[in-house]
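Counting starts at 1 for both ligands and their atoms, following the listed order. Any value given below was found using the heavy atoms of this structure, including those in side chains, with hydrogens, waters and symmetry copies removed.
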Amino acid sequence: MFRKILIANRGEIACRVIATARRLGIATVAVYSEADVGARHARLADEAWPIGPAPARQSYLAADTILDVARRSGADGVHPGYGFLSENADFAAACAEAGVVFIGPPVAAIRAMGSKAESKALMERSGVPLVPGYHGEAQDLGTLAAAAARIGYPVLIKASAGGGGKGMRIVRSPGEIEAAIEGAQREALASFGHDRVLVEKYLTRPRHIEIQVFADSHGETVPLFERDCSIQRRHQKVLEEAPAPGMDPVRRRNMSEAAVAAARAVGYVGAGTVEFIAEGDGFYFMEMNTRLQVEHPVTEMVTGLDLVEWQLRVAAGEALPLAGDRIGLRGHAIEARVYAEDPARDFLPAVGTLSHLRQPREVPGRVRVDTGVVQGDRITSNYDPMIAKLIVWGEDRPAAVRQLVASLAEYEVVGMATNLGLLRAIAGHPAFAAAELDTGFIERHAEDLLPAGATAGEADPVVLAAAALTVLGERRLAAEAAQAGGDAWSPWGCTDAWRMNGPGHQDLSFRQGSSPPVPLRTRPQADGSLRVDWPGGSVLAASSEDERGQSLLVDGVSRRIGVIRRGAELTVIHAGRNHALVEVDPLAPPATQTFGSDRVTAPIPGRVARVMVRPGDVVERNASLMVVEAMKMEITLRAPQDGIVAEVRFAVDEMVEEGAELVTFAEEVPQP
Ligand code: ADP
Ligand code: ADP
Ligand code: MG
């Protein structure tokens, strides 16, 4: 067994690997970039070594630097996690050369499965079913278009070296194919360094079902059941579960056998996942991920196994700890990926500081939270926008869904947009309860799942009362502090709303979203509670605090509530939902419009992937100007109006900050 391993990764998966290593008495070495100084994974490890600047290419993908740390720290193994170097055959080979064990499959297996096209050809020869498609070497438009016509539209163009949904285009008719191929090739070249693409039949209502496999170096390969990962956005997983609803023993056996055949065909060793796309009774090989998968915890929950422990044992040369027929499946597990992204803005990744983070209570065997962040950490555009994974277990699927709903309700994140609202909406949706799963689920139920402008509408009495109590409480504290340092008897320090005439009151005003501000009149009562009136409502409110946090009593009903204050902004967390309010100062002048619609600014920090215009170009409204890439997506910036480009402020590959002005326009309007 290993004495000391280096974890060549960050975030939740680095923390996850460290936990198992620690349990097995293996020392751990973390590596961290300049963006991750003091990060959770670096603090959990026995040693933490700096490996360079924030961009992954200069740190977490810097194979030489990482191997150098492995050597200098005396690590005898390297666990690559997922993403980054995990499926990089050259890195695995370099580990072997440096005399450290790569905790993953053999170099040849990574290489064989690294190309979606090559692996499909191999699977075809091994009798594993494939979606009708073309995965040949010829890449000219004629060949690809002819293949598409033969397969029948719609088709999917995929980057052979692709991953993370990049380099993928749906083509619905022959007229779109040229542009789609060009786009997929460009994206593939930029992200993976190869522009080879393949064409396959685009299934319109498929499920994503994958089989976890494990193989040791003694010739044993076992399947560890399936996971259903059909709840996706932008062809990327959001919720995963095990077992797959509706899986019967025959289908499970057939899929498991196909997966084991796939693994055997490449001489696989270690943890791997064979992904299938399934429609009707059919299932087709999509790709094999030669690493630990993000969603491996659902398999752990239903089998009671620790897959990282298995990885370590197998990499150390041991036999698989359990024979295939001794691995049982118990109950049902679901994982929800909590992402910093805005579902209402086409899942645009979000960045910011986690000014408040409260995770659901963990219950061994039932509720597990895998995360790499703590309150106060920043989510940046350098890496994946995943904040955490929530994994729940129940005796059966309905019990697991109930637990998911309950645990999601406990999640509190303030500081950036998250997909928590979407996750809650899915978890509570009747179609999800009925297990009507396919990859179009989110899109099909978008109206129920992505309520546009949900903040507008009726004022919520609980939210208003919480905001009023918070602001008045702060004023009292401030006044008390002022009194302590000054004239204790000054009437100006008095905050109990006492007035010379009439009943005492203080007026406040809060705005929610784009709704007009709601004016509140508050009156302290003799018993310490507060009467809050606004046009359309009135409540009696009081707050109390105990070790579990703050409670709010509104008209006799007590509720757990959290209020986070940042400047004039208040976030009231009520029933797991964030309500953002702005305290409006009635004496402040009306806000002036500082961001005209004529500015083209970066919506999030990222890298300039493409520039389509030059100074002097005459462009029409909505013309594409620039493509900014951040995390796993490309954002096209368009012209806000007809005009002449004056300045293009950034070039390809430059990093831009959020809000940076990218393109400016000349004053004059082009003459016809
Ligand atoms: P999986 O198939 O395990 O669900 P995905 O297909 O979502 O994983 O993505 C492949 C892996 O690459 C994921 O583990 C993802 O987190 C990782 N990944 C993709 N882009 C990045 C990035 N920029 N930084 C770190 N990890 C990344
Ligand atoms: P990645 O490397 O990004 O994981 P995959 O080939 O695994 O790429 O596909 C990712 C997702 O794209 C699948 O989970 C599925 O939702 C969708 N997809 C892939 N192939 C097809 C297909 N032939 N028809 C319909 N959807 C597909
Ligand atoms: Mg995949």
Within the 4.5 Å heavy-atom criterion, are [X] and [Y] side-chain neighbours or not?
X	Y	result
Asn289	Glu87	yes
Asn254	Phe283	yes
Val260	Arg264	yes

For ligand 2, which atoms, with element, lie under 4.0 Å from some heavy atom of [X]?
X	answer
Lys158	6 (O), 19 (C), 20 (N)
Glu287	1 (P), 2 (O), 4 (O), 5 (P), 7 (O), 8 (O)
Thr439	16 (O)
Leu156	18 (N), 19 (C), 20 (N), 21 (C), 22 (C), 27 (C)
Gln236	3 (O)

TODO: Taking atom types as modelled, find out whether Gln293 and Arg291 have a side-chain donor-acceptor pair closer than 3.5 angstrom.
DONE: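 Gln293 vs Arg291: donor-acceptor pair found between side chains.
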
TODO: Indicate whether the side chain of Thr273 and that of Arg227 have a donor and an acceptor atom separated by less than 3.5 Å.
DONE: yes

Under 3.5 Å between some N or O of ligand 2 and some N or O of [X]?
X	answer
Gln232	yes
Leu203	yes
Lys166	no
His208	yes

- [ ] Report yes or no: does Lys116 have a heavy atom closer than 4.0 Å to ligand 2?
- [x] yes

Open item on the list: Tell me if a side-chain donor or acceptor on Ser217 pairs with a main-chain N or O of Val314 at a distance below 3.5 Å.
Closed with: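 Not confirmed, Ser217 side chain does not pair with Val314 backbone.
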
Open item on the list: Is the distance from the ring center of Tyr383 to that of Tyr60 below 6.0 Å?
Closed with: yes

Task: N/O/S atom name from Glu287 that is nearest to the position of the Mg ion (ligand 3) - done: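 Of all N, O or S atoms belonging to Glu287, OE2 is the one nearest the Mg ion (ligand 3).
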
Open item on the list: Checking one value in my table: which N/O/S atom of Glu275 lies closest to the Mg ion (ligand 3)?
Closed with: OE1

Open item on the list: Test of understanding: given a 4.0 Å heavy-atom threshold, classify the contact between Glu200 and ligand 2 as side chain, backbone, both, or neither.
Closed with: side chain

Open item on the list: Heavy atom to atom 18 (N) of ligand 2, shortest distance: which of Ile277, Thr273, Asp438 holds it?
Closed with: Ile277

Task: Those residues that, when tested against His208, pass ring pair (Phe, Tyr, Trp, His ring centres under 6.0 Å) (two or more places apart) - done: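 Listed in chain order: nothing, the list is empty.
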
Name each donor-acceptor pair under 3.5 Å that joins a side chain in residues 156-165 to protein atoms two or more places apart or in another chain, with its distance.
residue: Lys158; atom: NZ; partner: Glu200; partner atom: OE2; Å: 3.0
residue: Ser160; atom: OG; partner: Ser115; partner atom: OG; Å: 3.0
residue: Ser160; atom: OG; partner: Lys116; partner atom: N; Å: 3.4
residue: Ser160; atom: OG; partner: Ala117; partner atom: N; Å: 3.1

